Amino acid sequence: VIGNRADQDDADAFESWAFKSEDDSTGRSRGTVSSLFSRERKSSAESSIASQEEQTKMQKRREDLENALFRARRGLFNENVIELEIATRKLQQARVQLLKVGRGAPGRAFEALAGSRVAKLSKPAFQDKLVRLLRLNPLDAERVVAVAMSVNSDADMGFHNFLRILRFATPVSSLLEFRARLVQRYKTVDAALRVLSFEANDDLSVDVFERPLIFEGIVESDARRLFDAIDVVQKKGPKGFINLEAVRFALDHAHALRSLELFQ
């Protein structure tokens with residue numbers, strides 16, 4: 001009996017030890033898994049923060065570059081805005097002619113200018129091609145090239161640069177096209193408005209509004225059309241002047257406003 005009781009005590013002790021070991025092991029396993037998940041979450045959060053910081057830096061570099069190009073266009077023709085208006089209209093006309101040469105395809109239009117899509121054109125070569133291919137007079141060709149080459153930061157024009165020039169030379173006649181132009185160049189509307197310096201003015205008359213738009217390739221007649229569209233849709237409008245809040249509202253609702261224009 002004594003022997004049996006001792007055996008039973010040993011068995012109970014072993015069972016108690018086994019359960020305790022299992023609990024300890026499970027606890028360690030749970031702790032290990034929990035620790036792994038915690039590290040993964042921390043690593044994911046750190047990666048997300050790093051990614052956001054990198055995106056912010058890239059956006060800042062892009063805004064600085066476009067701001068520099070904007071200032072360069074502002075200095076064209078000795079800061080003569082009337083001359084810049086003429087040159088921009090000539091560039092828009094050249095765009096139409098080039099696309100006609102390429103039968104509507106930008107790739108073929110560039111090949112007609114440069115010989116192949118991988119080629120690049122210097123400023124003098126581009127000007128000479130416009131005179132020969134489009135029959136522009138030398139003065140108009142010089143005007144067109146001056147504005148066109150200010151769209152990019154590269155000294156020579158490749159196919160990618162050419163596409164950006166074509167987009168810049170596309171007329172902007174609606175709020176939706178205006179928003180697209182700003183986002184294409186600055187990625188965000190906020191960045192574009194900072195470069196255009198609309199934030200520095202409480203009230204914008206039509207002449208104040210249109211003045212910086214020519215540096216974005218938007219001619220006076222289109223700028224006035226945009227001003228009128230913003231003026232009409234602003235709160236208690238039209239007033240004959242607009243402010244930054246009205247510009248933001250119009251740009252934020254450009255898609256809906258475009259639908260209303262089509263419906264009318």
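For clarity, every value in this text was computed on a predicted model and none was experimentally measured. Hydrogens, waters and symmetry mates play no part in the numbers below; they use all other heavy atoms, side chains included.
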**Study point:** Minimal non-hydrogen separation, Leu166 against Pro106, with atom names
**Key:** CD1-CB, 3.8 Å
Exercise for review: Could you tell me whether Glu111 and Arg117 have a side-chain N and a carboxylate O separated by less than 4.0 Å?
Suggested key: yes
Review point. What are the two closest non-hydrogen atoms of Lys120 and Gly158, and how far apart are they?
Key: CG-CA, 4.0 Å
Check your understanding: Is Phe198 reachable from Phe227 through a run of I, L, V, M, F, W or Y residues, each pair having side-chain heavy atoms under 4.5 Å apart?
Key -> yes
Practice item. Answer yes if Leu213 and Val81 sit in the same cluster of Ile, Leu, Val, Met, Phe, Trp and Tyr residues linked by side chain heavy atoms under 4.5 Å apart, and no otherwise. Key: yes
**Study point:** Reported CD1-to-CD1 distance for the pair Ile214 and Ile82, which is rounded to 0.5 angstrom
**Key:** 11.0 Å
Check your understanding: What are the two closest heavy atoms between Ala250 and Leu257, and how far apart are they?
Key -> O-CD1, 3.8 Å
Check your understanding: Any ion pair linking Arg89 and Glu85 (charged N to carboxylate O, less than 4.0 Å)?
Key -> yes
Check your understanding: CG/Leu176 to CG/Leu251 distance, rounded to the nearest 0.5 angstrom?
Key -> 10.0 Å
Study note, to complete from the structure: So CG of Leu130 and CG of Asn137: to nearest 0.5 Å the spacing works out to 11.0 Å
Check your understanding: For atom CG of Leu139, is the number of surrounding heavy atoms from other residues, nucleotides or ligands below 6.0 Å larger than 12?
Key -> yes
Review point. Checking side chain to side chain contact (heavy atoms under 4.5 Å, CB included) for the pair Leu133/Gln97: CA distance, chi angles, key distance, verdict?
Key: CA-CA 9 Å; Leu133 185 64; Gln97 291 176 273; over 6 Å; no
**Study point:** Over 12 non-hydrogen atoms of neighbours within 6.0 angstrom of NZ in Lys60
**Key:** no
Check your understanding: Crowded around Arg132 CZ? As in, over 12 foreign heavy atoms under 6.0 Å?
Key -> no
Check your understanding: Heavy atoms, side chains only, cut-off 4.5 Å: are Arg179 and Asp252 in contact?
Key -> yes
Revision key, fill the gap. Shortest non-hydrogen pair, Glu177 vs Pro171, comes out as OE1-O, 3.8 Å
Study note, to complete from the structure: Scanning both residues in full, the closest heavy-atom pair of Ala223 with Phe209 reads O-CE2, 3.5 Å
Review point. Checking Arg181 against Phe168: charged group under 6.0 Å from the ring centre and within 45 degrees of the axis?
Key: yes
Check your understanding: Do Val195 and Met58 sit in the same hydrophobic cluster, where Ile, Leu, Val, Met, Phe, Trp and Tyr count as joined when their side-chain heavy atoms come under 4.5 Å apart?
Key -> no
Point to revise | Pairing of Arg224 and Asp228 as salt bridge, 4.0 angstrom limit | key: no
Exercise for review: Look at atom CZ of Arg61 and say whether more than 12 heavy atoms of other residues, nucleotides or ligands are closer to it than 6.0 Å.
Suggested key: yes
Exercise for review: Say whether, by atom type as modelled, one donor and one acceptor occur between the side chain of Asn243 and the main chain of Glu245 under 3.5 angstrom.
Suggested key: yes
**Study point:** Joint cluster assignment, Val233 & Leu182, ILVMFWY side-chain distance < 4.5 Å
**Key:** yes
Practice item. Can you measure from CE (Met157) to CG (Leu163) and round to the nearest 0.5 angstrom? Key: 10.0 Å
Point to revise | Interatomic distance, Thr88 atom OG1 to Arg143 atom CZ [nearest 0.5 angstrom] | key: 11.0 Å
Practice item. Would you mind reporting whether Arg74 and Phe70 have side-chain heavy atoms less than 4.5 Å apart? Key: yes
Point to revise | Polar contact flag, side-chain donor to acceptor under 3.5 angstrom, Asp190-Thr188 | key: no
Point to revise | Polar side-chain atom of Arg73 near backbone of Phe215 as donor-acceptor pair, under 3.5 Å | key: yes
Point to revise | Minimum heavy-atom distance between Arg62 and Gln184, given as atom pair plus value | key: NH2-O, 2.7 Å
Point to revise | Test item: Gln234 side-chain N/O and Phe241 main-chain N/O as donor-acceptor pair under 3.5 Å | key: yes
Exercise for review: Carefully, step by step, assess Asp203 and Lys239 under the rule side chain to side chain contact (heavy atoms under 4.5 Å, CB included).
Suggested key: CA-CA 11 Å; Asp203 294 325; Lys239 301 178 181 178; over 6 Å; no
Exercise for review: Verify the cluster assignment for Ile218 and Leu244: are they in a single hydrophobic cluster under the rule of side-chain heavy atoms below 4.5 Å apart?
Suggested key: yes
Point to revise | Spacing of OG belonging to Ser174 relative to CG belonging to Leu226, to within rounding of 0.5 Å | key: 7.5 Å
Review point. Hey, is the main chain of Ser173 close enough, under 3.5 Å, to the side chain of Asp222 for a donor-acceptor pair?
Key: no
Exercise for review: Mind running side chain to side chain contact (heavy atoms under 4.5 Å, CB included) on Leu134 and Val101 for me, showing each step along the way?
Suggested key: CA-CA 9 Å; Leu134 302 186; Val101 169; 4.1 Å; yes
Exercise for review: May I have all residue pairs that pass ring-ring contact (aromatic ring centres under 6.0 Å, His included) and include part of residues 80-122, sequence neighbours excluded?
Suggested key: Phe110-Phe159, Phe110-Phe162
Only distances under 3.5 Å count here; give the side-chain donor-acceptor pairs of residues 149-156 to other protein atoms, sequence neighbours excluded, each with its distance to 0.1 Å.
unit_1	atom_1	unit_2	atom_2	d
Ser150	OG	Val147	O	2.6
Asn152	OD1	Arg164	NE	2.7
Asn152	ND2	Asn161	O	3.2
Asp154	OD2	Asn161	ND2	3.1

Check your understanding: Is there a side-chain contact between Asp140 and Gln93, using heavy atoms and a 4.5 Å cut-off?
Key -> no
